[in-house]
Structure formats: structure tokens, C-alpha cells
Amino acid sequence: MESTLRNNFVTSHSLIAHPLKKAKKKTKIQYYVILEYLVNRCAGFAEYASARLSQYHSMLIGNESAVVLTDGNRERMIRSMVNDWLRPWMWKYRLWLMCDIALIAADKSAIEKAQKIMLGYLNKRQSAALGILVSALFTNEAVPQKLLFAEGLIHQFRVNRRFAAQQEMRILITANMSAGKSTLINALIGKQVARTSQEACTANLCYLFNKPVEDGSIYLLAPRLNLNATYDDLMDAGQAGSSDIASYFRSFVHLDSPSRICLIDTPGVNSAINREHGIRTRKAILDEQYDKLIYVLNANQLGTDEEIRYLKYVSENVPGDKVIFVLNKLDNFKSTDDSIAASIEGVQHDLVHLGFENPVICPLSAYFAFLLKMKQNGEPMNEDEQDAYDYYVKKFSRPEYDMSTYLDESTTPVQAAKDERSALAVRCGLYGLENILYGGSDR
């Protein structure tokens with residue numbers, strides 16, 4: 001995905017509080033028709049613009065029939081919305097229109113092109129007011145008093161603009177089958193976007209991007225663009241080729257979305273049935289650009305020949321300071337039979353022997369971490385999930401299952417949690433991993 005399209009793909013866009021929701025139906029229809037015309041004239045990436053416009057169509061028109069612009073009515077229709085001298089109180093509508101074009105286009109040149117078209121219908125004073133609005137979109141100063149009626153739309157654009165300007169952190173995630181890689185991805189995002197099962201789940205590369213704020217929707221490009229992907233859409237994605245997903249990442253470490261991030265989900269490398277999965281992942285390790293590589297280890301299947309072979313491959317092809325090892329499924333350990341400390345020490349010894357100098361190891365229960373995110377965000381749980389959650393709450397309240405105590409001292413210190421669920425996120429290991437990936441807490 002090219003960078004300009006990616007900037008559109010990771011924008012948050014909410015229409016819940018849009019000022020046109022309370023307008024009369026006729027006004028809504030006129031507004032949408034002009035919005036569609038100007039967006040199609042100015043915005044790039046037709047598929048993205050069309051998908052965004054369909055959201056406005058649902059909000060403004062629904063099942064009603066829209067007016068069709070023709071050569072005979074176009075000028076009259078545009079003027080009726082942009083500058084109707086018989087209805088001077090509608091001056092706000094052209095400024096809302098400009099905000100919506102900006103939110104859809106998400107590109108300065110497209111916004112300026114739309115502005116130029118609208119200026120053809122305005123006098124000097126009105127043109128100056130439109131210029132003030134466009135300038136306000138590209139500053140971080142307080143919204144002028146005269147534009148407070150559009151503050152919500154301006155704020156959305158500014159948040160997206162600042163987010164798009166950030167440097168993207170790219171994190172490649174790899175593992176053998178059944179290590180819990182997909183569960184870890186769901187835990188990091190806080191939503192079930194990756195399929196989990198005992199069989200091979202990930203067949204192709206999947207790029208998961210975070211969005212700046214929660215807008216209640218998940219975007220999917222696989223290969224068609226869907227700006228309101230359902231659970232079934234996400235579970236079916238990626239079977240025929242690579243896919244892209246954009247969602248707000250819910251974090252225990254940060255109140256707002258962490259800096260711009262792309263998680264690169266790769267197929268399990270040891271599928272006996274699908275040998276091409278391993279080939280794709282090894283190629284990704286060599287060809288993809290990434291800042292960190294998370295290698296997920298199954299604590300219950302350490303030291304297998306296939307694990308050793310793959311660890312050697314990673315050691316030979318990835319700089320050691322890029323690699324973070326997640327030792328998953330420690331929640332299956334029994335305190336009477338297993339030692340978490342001894343397991344971590346053994347893994348560290350083996351990794352050093354394989355060429356990883358000073359390996360960073362994060363012990364974790366990915367499944368409990370995901371359940372905690374569900375609880376934290378009010379997601380409904382089925383009976384099995386609730387039973388598992390209650391069981392893990394008791395288990396991770398015991399000192400020997402406090403994963404934060406096993407983190408290497410060289411990693412970022414974990415701050416004391418202020419509430420029960422955050423404390424459990426610390427103890428299950430998720431907080432420590434997010435702290436390493438995203439930086440210190442702002443909570």
C-alpha cells in the first residue's frame with residue numbers, strides 16, 4: 001500500500017455527532033449530492049472516496065433517492081448549498097461541507113482544489129471566511145470563535161493530520177504454529193481481528209494499522225475496501241492474498257492510541273500441510289521493513305527441533321537488538337510441577353547459545369491479556385470466556401504468576417498500576433510488553 005493511500009486508510013472518522021444529522025431530509029439530500037460532486041472532482045483514490053461517501057449516503061439519505069446532478073441543474077444546486085442569498089442563515093453549510101471534503105480527501109492539494117471551486121460562488125468576504133476555515137484545519141491553535149460550530153469536524157481532521165505525520169513503527173510478529181501469535185495480536189489490539197484455532201490460521205501476510213482514536217469501525221482491504229468490516233469479514237480475509245486492517249489499538253499503557261504502528265502478521269513457519277507458509281514468512285523477514293520483530297514462543301513446547309531451526313534462521317538474518325521474545329502460555333504452568341523462573345532461565349540460556357546476545361524475554365499470558373482488554377472495554381463475553389476470565393483472575397493474583405517480576409532489569413520499568421484490571425495487565429505480562437513497544441505510560 002503506497003504511503004498516501006495508507007494515510008487515508010488509517011484515519012479515524014466518526015459521523016455520530018455530525019451537525020447535518022438533525023437537518024431536514026431535503027437539505028440532507030442536497031448536501032450529500034454537492035458533497036459527492038466535489039469529492040469526485042477533487043479527491044484521489046476513487047475506491048476510498050467512494051467508500052467514505054457511502055457512509056455519508058447512509059447517514060444523510062438512507063434509502064431515499066438522491067437528486068442527480070445534470071448540466072442543467074448543477075450550478076443552481078451547488079449555489080443553493082454553498083451561497084444561497086435567499087437563505088443567508090445557511091452560511092454554515094458551506095463550511096461544514098469544506099470540513100467533510102477535508103475529512104474524506106485527507107490531502108491538502110485536494111482540499112485546496114475543492115476550496116478553489118467553492119470560491120467561484122462566493123464574494124470577497126465569504127471567500128476570506130472559507131480561507132480562515134481551511135487555515136484552521138492545518139494549524140494546532142485554538143479554533144476561532146466564529147468556527148466553533150464546526151469544532152468537532154475540525155478536531156477530527158487535525159487529529160488525523162497529526163497522526164499521519166508521525167513516523168510509523170513497524171513490528172513483524174512471527175512464530176511456529178500454536179504458539180498463540182494470533183491471540184497475542186488480538187490482545188495488543190484489544191479486538192478479535194485475527195483468527196485463532198489449533199490449525200494454521202494465517203495463510204498470507206496481514207498488515208494491521210492502528211488509528212488515532214476509536215471511531216467504532218474496523219477497515220479491511222482484502223482486496224476490496226470495506227470501511228465497516230464485520231467479524232466474519234475479518235475471519236475470511238487473507239486466504240487468497242495479503243490483507244490490510246486498520247483499527248484503533250486499545251492499550252493499557254496509553255490513554256490514547258500509541259504512536260503510529262503497523263503490526264505485520266506472518267504465517268506459522270512449521271505447517272506440515274502448507275509448506276509455502278514458511279517460505280512466505282522467511283521472505284518477509286528478509287524483505288519487509290520493520291523496527292522490531294516479536295518472536296512468540298510456546299512455553300509448553302520449548303526446545304523442539306523445528307523451533308531450534310527457525311530460531312537459528314532468525315538469529316542469522318535479524319539484528320539481535322530488533323528481536324523481542326514473548327514466552328506465551330505460561331498460564332498453563334502448575335506451581336507444584338513447573339517453575340516459571342527456571343523456564344525463562346532455560347530459554348535465555350538457549351537463545352544466547354543460538355547467537356542472541358542479551359535477549360529480551362517477555363513472559364506473558366496472551367489469552368488472559370485479551371480477556372482483560374475485553375473486560376476493560378465492556379465487550380460481551382460468552383460463558384466459556386467468563387469462566388476463563390474468573391479462573392485467570394484468581395491465578396494471576398498469586399505472587400508466582402506475576403509476570404512483571406520476571407522481566408529483565410534492562411527493560412523499561414513497569415509503573416505501579418492504579419486500578420485492578422491494569423494491575424492484572426501488569427501481572428499477566430501485557431503491560432510490560434506494551435511498555436517496551438510503545439514507551440512509558442501516560443495514564
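Side-chain atoms are counted along with the backbone in the values below, which use heavy atoms only and exclude waters and symmetry mates.
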Looking at [Y], is [X] sitting on its ring face, NZ or CZ under 6.0 Å from the six-membered ring centre and within 45 degrees of the normal?
| X | Y | value |
| --- | --- | --- |
| Lys108 | Phe138 | yes |
| Lys191 | Tyr248 | no |
| Arg282 | Tyr313 | yes |

Identify the heavy atoms of [X] and [Y] that sit nearest to each other, and give their distance.
| X | Y | answer |
| --- | --- | --- |
| Asn8 | Ala106 | ND2-CB, 3.7 Å |
| Gln348 | Pro359 | CG-CG, 4.1 Å |
| Ala342 | Ser339 | N-OG, 3.1 Å |
| Phe163 | Ser259 | CE1-C, 4.3 Å |
| Leu103 | Asn160 | CD2-ND2, 4.2 Å |
| Cys362 | Ile436 | SG-CD1, 3.3 Å |

Salt-bridge contact [X]-[Y] (side-chain N to carboxylate O under 4.0 Å):
| X | Y | value |
| --- | --- | --- |
| Glu47 | Arg224 | no |
| Arg427 | Glu420 | no |
| Arg170 | Glu288 | yes |
| Asp215 | Lys211 | yes |
| Lys322 | Asp291 | no |

- [ ] Go through Thr139 and Arg158 one step at a time and tell me if the side chain to side chain contact (heavy atoms under 4.5 Å, CB included) criterion holds.
- [x] CA-CA 8 Å; Thr139 69; Arg158 286 178 171 184; 3.3 Å; yes
TODO: List the steps, then state whether side chain to side chain contact (heavy atoms under 4.5 Å, CB included) holds for Asp402 with Phe396.
DONE: CA-CA 6 Å; Asp402 183 353; Phe396 281 91; over 6 Å; no
Does any non-hydrogen side-chain atom of [Y] lie less than 4.5 Å from one of [X]?
| X | Y | result |
| --- | --- | --- |
| Val213 | Val159 | yes |
| His18 | Met59 | yes |
| Leu15 | Gln55 | yes |
| Val323 | Val360 | no |
| Leu430 | Leu188 | yes |
| Met374 | Glu385 | yes |
| Pro267 | Asn204 | no |
| Asn40 | Leu53 | yes |

Rounded distance (nearest 0.5 Å) linking atom [atom1] of [X] with atom [atom2] of [Y]:
| X | Y | atom1 | atom2 | value |
| --- | --- | --- | --- | --- |
| Ile101 | Asp107 | CD1 | CG | 13.0 Å |
| His155 | Cys99 | NE2 | SG | 13.0 Å |
| Leu227 | Ser217 | CG | OG | 7.0 Å |
| Asn176 | Glu307 | CG | CD | 4.5 Å |
| Leu38 | Asp100 | CG | CG | 11.0 Å |
| Ile294 | Leu263 | CD1 | CG | 7.0 Å |

TODO: Would you mind listing every salt bridge (charged side-chain N to carboxylate O under 4.0 Å, His left out) that reaches into residues 363-376, with sequence neighbours excluded?
DONE: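 For residues 363-376, and leaving out neighbouring residues, the salt bridge (charged side-chain N to carboxylate O under 4.0 Å, His left out) pairs sorted by first residue read Lys373-Glu434.
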Flag yes if more than 12 heavy atoms outside [X] fall under 6.0 Å of its [atom1] atom; otherwise flag no.
| X | atom1 | answer |
| --- | --- | --- |
| Lys25 | NZ | yes |
| Glu400 | CD | yes |
| Ile16 | CD1 | no |

- [ ] Please test Ile173 against Val326 for side chain to side chain contact (heavy atoms under 4.5 Å, CB included), starting from the C-alpha separation and ending with a verdict.
- [x] CA-CA 10 Å; Ile173 306 180; Val326 169; over 6 Å; no
Task: Ser422 and Asp419 side chains, donor-acceptor separation under 3.5 Å - done: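 Yes, side-chain donor-acceptor contact under 3.5 Å.
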Task: Pair Trp96-Phe149, ring-ring contact (aromatic ring centres under 6.0 Å, His included): steps then yes or no - done: CA-CA 9 Å; Trp96 285 328; Phe149 65 91; 5.8 Å; yes
TODO: Carefully, step by step, assess Phe209 and Tyr219 under the rule ring-ring contact (aromatic ring centres under 6.0 Å, His included).
DONE: CA-CA 9 Å; Phe209 303 93; Tyr219 309 158; over 10 Å; no
Under 3.5 Å: donor-acceptor pair, side chain of [X], backbone of [Y]:
| X | Y | result |
| --- | --- | --- |
| Glu168 | Ile261 | no |
| Lys28 | His57 | no |
| Asn377 | Glu379 | no |
| Thr183 | Ala366 | no |

Task: Gln386 and Asp390: CA distance, side-chain angles, deciding distance, side chain to side chain donor-acceptor pair (under 3.5 Å) verdict - done: CA-CA 6 Å; Gln386 184 62 55; Asp390 294 338; 2.9 Å; yes
Open item on the list: Out of the candidates Thr266, Asp244, Leu172, only one should pair with Leu205 under the side-chain contact (heavy atoms from CB on, under 4.5 Å) rule; please name it.
Closed with: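 With Leu205 as partner, side-chain contact (heavy atoms from CB on, under 4.5 Å) holds for just one option, Thr266.
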- [ ] Please say which of Val347, Leu311, Ile344 ends up in a side-chain contact (heavy atoms from CB on, under 4.5 Å) with Phe325.
- [x]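 The single option meeting the side-chain contact (heavy atoms from CB on, under 4.5 Å) with Phe325 is Leu311.
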Open item on the list: Please tell me whether Tyr56 and His13 form a close aromatic pair, meaning their ring centres lie under 6.0 Å apart.
Closed with: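 Tyr56 vs His13: aromatic centres under 6.0 Å.
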TODO: Kindly assign one of parallel, tilted or perpendicular to the pair His353 and His349, based on the angle between their ring planes and the thresholds 30° and 60°.
DONE: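 Ring orientation of His353 relative to His349: parallel.
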- [ ] Look at the aromatic rings of Tyr310 and Tyr295 and report parallel, tilted or perpendicular, splitting at 30° and 60°.
- [x]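 Plane angle between 30° and 60°, so tilted.
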Task: Arg161: which of Asn7, Thr11, Asn140 passes side-chain hydrogen bond (donor to acceptor under 3.5 Å, both in side chains) - done: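 Of Asn7, Thr11, Asn140, side-chain hydrogen bond (donor to acceptor under 3.5 Å, both in side chains) with Arg161 is met by Asn140 alone.
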TODO: Test Thr230 against every option in Asn228, Asp233, Asn226, Asp232 by the side-chain hydrogen bond (donor to acceptor under 3.5 Å, both in side chains) rule and name the one that passes.
DONE: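 Between Thr230 and the candidates, side-chain hydrogen bond (donor to acceptor under 3.5 Å, both in side chains) is satisfied uniquely by Asp233.
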Open item on the list: Which residues pass the ring pair (Phe, Tyr, Trp, His ring centres under 6.0 Å) test with Tyr392, not counting sequence neighbours?
Closed with: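 Tyr392 satisfies ring pair (Phe, Tyr, Trp, His ring centres under 6.0 Å) with Phe368 only.
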Task: Stepwise side chain to side chain contact (heavy atoms under 4.5 Å, CB included) check, Ile111 with Phe157 - done: CA-CA 12 Å; Ile111 294 167; Phe157 180 84; 3.6 Å; yes
